[in-house]
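First up is the structure itself, then whatever we jot down about it.
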2 protein chains.
Amino acid sequence: MKLPTSTEWVLHCAATLAQLRPAETASAAQLAAYYDLPAPYLAKQLQALTRAGILSATTGPRGGFRLARAAKDITMLQIVEAVDGAAAPYECREIRQQGRGGLTPDECQETCPLARTMAEAHTAWRASLTAVSLADILAELPSGAPTRTRRILMG
Amino acid sequence: MKLPTSTEWVLHCAATLAQLRPAETASAAQLAAYYDLPAPYLAKQLQALTRAGILSATTGPRGGFRLARAAKDITMLQIVEAVDGAAAPYECREIRQQGRGGLTPDECQETCPLARTMAEAHTAWRASLTAVSLADILAELPSGAPTRTRRILMG
DNA sequence: GTAGGTCTACTCGGATAAGACTTGTCCGAGTCGACTAGG
DNA sequence: CCTAGTCGACTCGGACAAGTCTTATCCGAGTAGACCTAC
């Protein structure tokens, strides 16, 4: 069970974009330089966030990415699932219905306790990530952080 | 973020072994036939559980696997981490210290809020799986299940 | 001085290869049970 | 009939390939701004 490396990238990039002023944008190249990341691949991930409706992209000179809505309305879970997909890590393939010990379908009307337990754990994980928004992350940074970030990123 | 397919296999196999009487064993071939799984690969996964101290293996005729301790002392998490490893899905590589925007190490004494949030979600997931033991799973099965399982598995 | 047109340069977007990991398979070492022969 | 020895077959254990997904890269389509020219 592993999240893509790019998860860390987009989380940091989203937190960085959240420090910009409204209507300001940052290009994929600027963000890549800011964190020393491979620019083309980072751009691909930012596209995924755009498709998910978390970022908004503008083309042309002075274009780039910006948050599509307020930081307090963007949860960690939304960002993670935008790059990794929303599929649950445990996929029940109903092997209890296969082989010599196979159960009949009507014996399996209730979901198997194993799958239910795994699903509950996934729900707990999602709930934990839903409880934290980008705004919560920003609140933990030093007060001077946005100014520094904007200067280095745009400068 | 995906768990190996074999996770479902070993969970069901562990639940099956928990229905045997003490000192009874089931071989990898018997379990594979019971669920119609590729026997050699299933054996590989059961080995992992043996290394983790969850199962106990005996060789020779009439040998096979059995639980290494009581079902109530085996948690779902222990089984899952035996096959998938205990590594957290989100790995913080401290990219905030790289690139133009890199922070100095002494600015990073506190763990980054993003990594901490992801770690807390992982903790919630683990706690949810620790709360359920194999005995809890067995308690949800019909009362006649162990008899049927033993007859089909061994017979 | 101002407005329109064109042109350039910069942006994102999707389609295309290489590497890593999961999945799947095989054969060898060890051990318990059964058979046989002797007492 | 009982017991010791030997044989055989079944078990797990680790080492070895193929498929699939993540990672990484490239080039093309589109657009906003800047420049130049005409009025």
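Throughout, protein chains are lettered first and strands after them, A, B, ... in sequence-line order, and every chain is numbered starting at 1.
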inquiry  = Would you say A:R51 places a side-chain N or O within less than 4.0 Å of OP1 or OP2 belonging to C:dG14?
reply    = yes

inquiry  = At a heavy-atom distance below 4.0 Å, what parts of residues 25-50 of chain A sit against DNA chain C?
reply    = A:S27, A:A28, A:K44, A:Q47

query = Hey, any chance B:L141 and A:M118 share a hydrophobic cluster, counting ILVMFWY side chains that come within less than 4.5 Å of each other, even indirectly?
reply = no

key: Side-chain H-bond candidate by donor/acceptor type, B:Q45 with B:Y41, under 3.5 Å   = yes

query = Which part of the nucleic acid does B:P61 contact within heavy-atom distance under 4.0 Å: base, sugar-phosphate only, or nothing?
reply = base

query = Given atom CD of B:E91 and atom P of C:dA20, what is their separation to the nearest angstrom?
reply = 15 Å

request  = Could you tell me the separation between the CZ atom of A:R66 and the C1' atom of C:dT11, rounded to a whole number of Å?
outcome  = 14 Å

ask   = Is there a side-chain polar atom (N or O) of B:T5 under 4.0 Å from OP1 or OP2 of C:dT23?
value = yes

note = Which of A:T7, A:I74, A:L55 passes side-chain contact (heavy atoms from CB on, under 4.5 Å) with A:I79? It is A:I74

ask   = Nearest to the side chain of A:T59, which nucleotide is it out of C:dT11, D:dG33, C:dT23?
value = C:dT11

query = Between A:G60 and A:L3, which has a closest nucleotide on DNA chain D that is more 5'?
reply = A:L3

task = State whether the number of non-hydrogen atoms from other residues, nucleotides or ligands found under 6.0 Å of B:R148 atom CZ is greater than 12.
result = yes

query = Whole Å only: how far is the CE atom of B:M154 from the P atom of D:dT11?
reply = 12 Å

ask   = Rounding to a whole Å, what distance do you find between A:F65:CZ and C:dT11:C1'?
value = 9 Å

Connected via hydrophobic side-chain network under 4.5 Å: B:L31 and B:L138 = no

message = Let me spell it out: for each of A:M1 and A:T58, pick the nucleotide of DNA chain C with the closest heavy atom. Which residue's pick is nearer the 5' end?
response = A:T58

message = Please pick, from C:dG24, C:dT23, D:dG13, the nucleotide with the shortest atom-to-atom distance to any side-chain atom of B:W9.
response = C:dG24

note = What one should report as the nearest heavy-atom pair of A:C13 and A:L46 is CB-CD2, 4.3 Å

remark   = In terms of heavy-atom contacts, A:A48 and A:A82 come closest through CB-O, 3.8 Å

